[in-house]
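What follows is a set of notes on a single structure, which appears directly below.
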Amino acid sequence: MNKSILLCGVGGQGTVLASRLIAASAMAKGSEARTAETIGMAQRGGSVVSHVRTGAGIYSSIIPKGQADLIIGFEPAEAARNLAYLKKDGLVIVNRKAVQPVTATLGGMHYTGEEMIDYLQKEAQVVVVDGDAICAQAGSVKVLNIVLLAVAAASGKLGITVEELKEAVKKGVKPKFYTMNEQAIDLAVESYKGV
Amino acid sequence: MKQLLMGNEAIAKGAIQAGVNVVAGYPGTPSTEVLETVAKNNNGNIYIEWSVNEKAALEVAAGASYAGARTMVTMKQVGLNVASDPLMCLAYIGVKGGMVVVVADDPGPISSQTEQDTRKFAEYSKLPVFDPSSPEEAYEMIQAAFLYSEQYQTPVLFRPTTRVCHACATIDVPETVPEHTWEGFVKDPGRWVIFPRLSKENHIKIEARNAQIAREKDNPWNTIQGSGRLGIATGGVSVSYVKEALENLQSSLAEKEQPETDLMKQVRLFQVGMPHPFPEALAEAFLNEVDTVLVVEELDPVIERNLIYLCGKYGKQVRILGKETGNLPYAGEYTNELVKSALAAYLQMEEEKTEPSTPPQMPVRPPVLCAGCPHRASFYAVKQAMKGKRAFFCGDIGCYTLGNAKPLDMVDTCLCMGADVTIAQGLKRTEPGTTAFSFIGDSTFFASGMTGVVNAVYNQTDIILVVLDNSTTAMTGHQPHPGTGMTMMGDVVEKVSIEKILTAIGVTSVETVNPLDLQASVAAVQKAAALPGVKAIIFKSPCIAIVKPDGACRIDRETCINCKKCIRELGCPAIVVRGGQVEIESSMCTGCGLCSQVCPVGAIKGGQHE
């Protein structure tokens, strides 16, 4: 079964590693994978997007608009910005915390992220994740990508189980960080069950 | 073993499989990972270097190819402009060992100054060019490119675009690496020394060779699929957009209960993977079977104009649609949606579009200098020192181009690598009373800044050269350069000293300052501005991405008067306003302490400066 997953956020939030982990998990099951990522100047605090497509017979590494099964938004406004990629019955998993761009701070623009989440909830099926709270429990802000992936796996929309994700993380991260990542996955799955 | 490989990694692994012996390049998005991947997978038999610039890289590779070694050169499209002098000449001389010049184009442009099309450069230089449409094709194609180069004894161009370079695909790479040995350099001045007479002789041979290649019909990279009368011609990453769109349009026919309509029986798809020399014989066969052609290609209308030309040459009544007819745009990157719309219109099919309702006002998120970036401190110091005085601030290519953004607003010009030094001189000649600053990075200084400084000293044009030395090539992902004391072979070598170079050139005042010491930095700029001649300030502080952060600054609530001067003056992404209060985002702050030196009431504590 082909899956198209769009990950979006702000440069430095770890979207690239997350997209690689999805691809690695799918490949471990014998599937093919394509990804496309933002690399370069835009990474410096700009909006970043990773496309992941798994399955077989896929031509473009970029997801056509209206064809993503799942959007994983690392930041509310970035999820809203990319909503046009979502399928009619697709799911949005979004981190609650807004990352203020310098331009908003300088211009005094009032932006909390809640208005973006309200908009997303009006338009699509949405799971809001308190990623930063879970990261704090797990002990590092760096595991936000793993937290969001774990929620996606638990939702059943990722095409990858929580156990398969753990396997990919085990292979994809340095051994000394694995325990922390595993804990982050467990905490994220717990929080999803609570929703 | 099947691996998920980025296009650039696939190119590197393909080159290794082709027995590449020498790899040289200069970093530039979207090409950088090619050379890095060869270095990561080097079994010790490949010589790899980051050269000082693209011209040097190409010449190093050419020398090795003369001896029969297989070589690869990597760069981005604007790098080819730097390397064009040796490349244009080398096209006449040729090579012995296979030589592939990988030039990554950047439609958009996403991280470049131009949208130039290397396929046009291939036409201009008369060199064969390979144009992969996907990472997996790039893997196969680069191996063929080495053999092609050796067969025709010519350097060949290989031009992926960003969406091939930075896309990943599942690719099967063998575990074993073949080895290629070379004969060694055989002295033969009649072959290796370029003289007008030799150039004329070789020019004749090149034209004959290209005419012969154009007649080949069995090149596996140029193919025709489908059996219809509606022609579609495409190349590069656009191939994937065309195929994706055809599949989507086919399935929308199925939804409308017209599954008997097979689009591939209506269209005929001409895929051009080697656009120069243009596959004339195959194109002629294609034109014989179609009534019209829609050409889908990013950047310049290369395939399109070749088809128009062939229609004239062979007297064919085929309408060629594309950029020249307004069916598709010249500028910018193509997308699935854009190509699907163009194809739907061409095939006279209806296109269904469902867009979500208008979202709330989106925050804009342009790239900015990182929190703690020493460039912010350098720009701020110059700005403070020159407050109220007229000055030009000439910038260059690198992270520090981002110094143009508000509130710093410290980049008045930016053109190409090294141009800051010389543009400052031109401006200075038009307004002698104004202080002309030129900002250049350490890697850029070595790549193409030095000659500009010699020009200023020789021609007595007073400028202040500001070297932003962060001890790395930051924008492209932290490559070593001559000033870092590290090579791509992992050797620790003597650092080339920017101070000594400047002194040797005759720059009268060379001062090295830590930009995170605001007072000392402002004083250094003021001192330089008061002196005559060519002066240099080296702001030396490592890129925050290569050093561990020094803790985070915090705001003392009792002392902070919420004047927001730190935000207004610095634009650091780690300083935010939450609930009307200025706050420091501790997860982003590196403790550089610049804001603590700007705060008028001393409310910001912690960090390096304390």
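A note on names: the letters A, B, ... follow the listed sequences, proteins ahead of strands, and every chain is numbered from 1. The structure displayed is predicted, hence computed values, not measured ones.
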Relative to chain B, which segment of A:E123 carries a heavy atom at a distance below 4.5 Å: side chain, backbone, both, or neither? side chain
Out of A:R20, A:R53, A:E115, A:K65, which one racks up the most heavy-atom pairs below 4.5 Å with chain B? A:K65
Could you tell me which portion of B:P135 (side chain, backbone, both or neither) has an atom closer than 4.5 angstrom to a non-hydrogen atom of chain A? side chain
Look at the side chain of B:T473 and the backbone N and O of B:H478, then say whether any donor-acceptor pair between them is shorter than 3.5 Å. no
Start with the C-alpha gap between B:E36 and B:Q479, add the side-chain angles, then the distance that decides, and say whether side chain to side chain donor-acceptor pair (under 3.5 Å) holds. CA-CA 9 Å; B:E36 290 179 325; B:Q479 289 73 32; 2.7 Å; yes
Of the backbone (N, CA, C, O) and the side chain (C-beta and beyond), which part of B:C572 lies under 4.5 Å from a heavy atom of chain A, both, or neither? backbone
Checking heavy-atom separations under 4.5 Å from chain B, one finds in residues 131-143 of chain A A:V141
Report the option among B:E136, B:E33, B:R568 that has the most heavy-atom pairs separated by less than 4.5 Å from atoms of chain A. B:E136
Electrostatic pair A:D69-A:K157, nearest N-O below 4.0 angstrom: no
Roughly how far, to the nearest 0.5 Å, is OG1 of B:T114 from CD of B:Q77? 4.0 Å
Among A:A77, A:S60, A:P101, who wins on heavy-atom pairs under 4.5 Å with chain B? A:S60
Quick one: what part of B:E244 sits under 4.5 Å from any heavy atom of chain A, side chain, backbone, both or neither? both
Could you look at B:S586 and say if it's the side chain, the backbone, both or neither that has a heavy atom under 4.5 Å from chain A? neither
Working note: A:Q67 + B:N248, criterion side chain to side chain donor-acceptor pair (under 3.5 Å); need CA distance, chi angles, decisive distance, verdict. CA-CA 10 Å; A:Q67 292 190 27; B:N248 285 330; 3.2 Å; yes
Got a sec: does the CD of B:Q361 have more than 12 other heavy atoms crowding it under 6.0 Å? no
Against chain A, work out which of B:S357, B:G571, B:S587 has the most heavy-atom pairs shorter than 4.5 Å and name it. B:S357
Which portion of B:Q3 sits near chain A, non-hydrogen atoms under 4.5 angstrom: backbone
Chain B contact via A:L86 - which portion, at a heavy-atom distance below 4.5 Å: neither
Keeping A:Q100 on the side-chain end and A:Y111 on the backbone end, is there a donor-acceptor pair under 3.5 Å? yes
On a heavy-atom basis, which atom in A:A124 and which in A:L83 lie closest, and how many Å separate them? CB-CD1, 4.4 Å
Return yes if some donor-acceptor pair links the side-chain N/O of A:T35 with the main-chain N/O of A:V52 below 3.5 Å, else return no. no
For B:M588, is it the side chain, the backbone, both or neither that has a heavy atom under 4.5 Å from a heavy atom of chain A? neither
Based on non-hydrogen pairs under 4.5 Å, which of B:V242, B:V582, B:T358, B:V577 is most in contact with chain A? B:T358
Kindly indicate whether the side chain of A:L158, heavy atoms from C-beta on, has any atom under 4.5 Å from the side chain of A:K3. no
Is there side-chain contact between B:T335 and B:Y241, with heavy atoms separated by less than 4.5 Å? no
Options A:G66, A:A33, A:A80, A:S19, ranked by heavy-atom pairs under 4.5 Å with chain B, top entry: A:A33
Got a second to check how far A:I160's CD1 is from A:L149's CG, nearest 0.5 Å? 8.0 Å
Go through the atoms of B:R163 and report whether side chain, backbone, both or neither lie under 4.5 Å from a heavy atom of chain A. both
Select, from B:P363, B:A169, B:S133, the one with the greatest count of heavy-atom pairs under 4.5 Å involving chain A. B:P363
For B:P160 against B:I11, the heavy-atom pair lying closest together: CG-CD1, 3.8 Å
If you draw a 6.0 Å radius around NZ in A:K29, do more than 12 non-hydrogen atoms from other residues or ligands fall strictly inside? yes
